[in-house]
Amino acid sequence: MRLGTGIVTGVPFTVPLAQLRKHTVVFAGSGSGKTVLLRRLVEEVALQGVSSILIDTNNDLARLGDPWPSPPALWEPGDAERADRYLRDTDVVVWTPRREAGRPLTLDPLPGFDRDPDDPDEFRAAIDAAVAGLMPRTNLGGRKATTGRAVLTEALTHFVRGGGGELRDFLALLADLPSGVSTVRDATRLASDMADGLNAEMINDPVFGGVGERLDPGVLLTPARGKRARVSVISCIGLPNDDQRQTFVNQLQLALFSWIKRNPARDRPLGGLFVLDEAQTFVSSRTTTASTQSTLTLASQARKYGLGMVYATQAPKALHNVVSGNAATQFFGLLNAPVQIQAASDLARAKGGRIDDVSRLPAGQFYGATEGTGLTKVRVPMCLSHHPPTALTEEEVLARAQGAAGDSSANPAGA
Ligand SMILES: Nc1ncnc2c1ncn2[C@@H]1O[C@H](COP(=O)(O)OP(=O)(O)OP(=O)(O)O)[C@@H](O)[C@H]1O
Ligand SMILES: [Mg+2]
């Protein structure tokens, strides 16, 4: 894929599709052209028949399905044709967790398990992941948390082996735990305490076991019939604070990881792309949040299964170094704050390059490097979908979420 042209050399800056498995980071501040770069990347990947999921924190990604009213002056030869093809063959779906007026998406805290899995380790890992997501919502602390976790693990194993079901069914089991399910003394009382906590969470947090389409990565990444790729934009308009966003992204990442393990890309160069803008919110270098562990797991393990991660941040210093250190492809764009410039320069040096004029780069110019190349200054092409200077309002995001795209007649996964 061509993602730019060398400013001095005129040489195309290309990244093999499979290289995106080894992840991409974009370090660039406001006005750098970061959104255009992320969009063009997703568009080019879609043109190759690969679907993406994007977390839209700034309402500037939900226009990925909008055509330009007239061709932008900055398009290069061939872009008009590419734009037509992208818009025709791509199914852009805007999701609005916690906003019923749009296209809500609900967290399924009990992933669809196989009752008789071939691989007991996988089964145990799926139970552990679900328990890890539930524990912080049970309100148990201290020593009780340890025994509570054991009870939850035993109860969930029992529940799933018995056929599973909805969260409310599981809470009914917990509220009145039959004897023999858990070996922990006091299990019945602990289980009923946890049922109370989880029930309160269901009331307080509509994304947790609430209304809307179940968050199923297979749906997010599977195009509707007749389309080649799906672009799922997950809008954060219904998740106003960082805490909610982190919790949501954590659940999404857990689900995505278990899905991609079951549906690996195998011999396809890339199975899907997951784009996390404002990545420092989700995996910070300073604090541990609800989404830290799952982000690190994906950053280090998703490549095996062919899922590519793209992390973008205006604050390279605030991004966890495992994430920045794991990315084979890197872009550095305009940065202003001295501490961020310093952090970016250190990261560039680790790539064997310098970004001395990073504080003066015009919009759309980046230092880019991928495996086997040094850093070169490149001009990134304008995106294929409409990107005016102003972000969408909430009403405009909701209108796109209600759009006809993405009907539920999607092909079964892998079709
Ligand atoms: N690749 C490009 N080629 C030409 N112009 C570009 C390019 N990228 C960005 N621009 C110009 O810069 C403007 C800002 O770009 P963009 O919205 O991508 O910036 P951003 O870094 O995401 O900024 P913000 O902080 O506002 O989100 C665009 O509207 C466009 O005019
Ligand atoms: Mg932007």
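What you are looking at is a predicted structure, and each value in this text was computed from that prediction instead of being measured. Residue numbers count from 1 along this sequence. Atoms within each ligand, like the ligands themselves, are counted from 1 in listed order.
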Which protein heavy atom lies closest to [atom], and at what distance to 0.1 Å?
atom                    : answer
atom 15 (O) of ligand 1 : Gly33 CA, 3.6 Å
atom 22 (O) of ligand 1 : Thr35 OG1, 2.6 Å
atom 13 (C) of ligand 1 : Ala363 CB, 4.6 Å
atom 25 (O) of ligand 1 : Ser30 OG, 2.8 Å

Self-check item: Gap between atom OG1 of Thr24 and atom CG of Leu38 - 0.5 Å precision
Solution: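 Answer for the CG-OG1 pair, Leu38 versus Thr24, is 9.5 Å.
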
In plain terms, say whether [X] and [Y] are close enough for a salt bridge, that is, a side-chain N and a carboxylate O under 4.0 Å apart.
X      : Y      : value
Arg82  : Glu43  : no
Arg228 : Asp91  : no
Lys351 : Asp346 : no
Glu76  : Arg379 : no

Practice problem: Go through Leu17 and Met1 one step at a time and tell me if the side-chain contact (heavy atoms from CB on, under 4.5 Å) criterion holds. | Solution: CA-CA 6 Å; Leu17 197 53; Met1 287 185 317; 3.9 Å; yes

Which option, [options], owns the non-hydrogen atom nearest [atom]?
atom                    : options               : value
atom 23 (O) of ligand 1 : Gly364, Gly4, Gly31   : Gly31
atom 3 (N) of ligand 1  : Asp60, Val380, Val36  : Val380
atom 20 (P) of ligand 1 : Lys34, Arg379, His387 : Lys34

Exercise. Compute both the distance and the angle, then confirm whether Arg98 meets the cation-pi test with Phe248: under 6.0 Å from the six-membered ring centre, within 45 degrees of the axis.
Key: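 Because its charged atom misses either the 6.0 Å distance or the 45° angle limit, Arg98 does not stack over Phe248.
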
Contacting atoms of ligand 1, where contact means under 4.0 angstrom from a heavy atom of [X]:
X      : result
Met382 : 5 (N), 6 (C), 30 (C)
Gly29  : 21 (O)
Pro381 : 1 (N)

Self-check item: Short N/O/S contact of Asn58 with the Mg ion (ligand 2) (below 2.8 Å)
Solution: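 No, outside the cut-off.
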
With heavy-atom distances below 4.5 Å as the criterion, would you say the side chains of [X] and [Y] are in contact?
X      : Y      : answer
Ser51  : Pro223 : yes
Tyr311 : Asp277 : no
Glu371 : Thr329 : no

Self-check item: Atom name of the N, O or S atom in Asp60 that lies nearest to the Mg ion (ligand 2)
Solution: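 When I compare the N, O and S atoms of Asp60, OD2 is nearest to the Mg ion (ligand 2).
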
Exercise. Report the part of Leu74 (side chain from C-beta onward, or backbone N, CA, C, O) that has a heavy atom under 4.0 Å from ligand 1; answer both or neither where that applies.
Key: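 Near ligand 1, Leu74 shows its side chain, while the N, CA, C and O stay back.
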
Practice problem: Between Ala28 and ligand 1, find which residue part has any heavy-atom pair under 4.0 Å and reply side chain, backbone, both or neither. | Solution: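 It is neither part, as no heavy atom is under 4.0 Å.
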
Practice problem: Indicate whether atom 7 (C) of ligand 1 is within a distance of less than 4.0 angstrom of some protein heavy atom. | Solution: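 Within 4.0 Å: yes, protein heavy atom nearby.
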
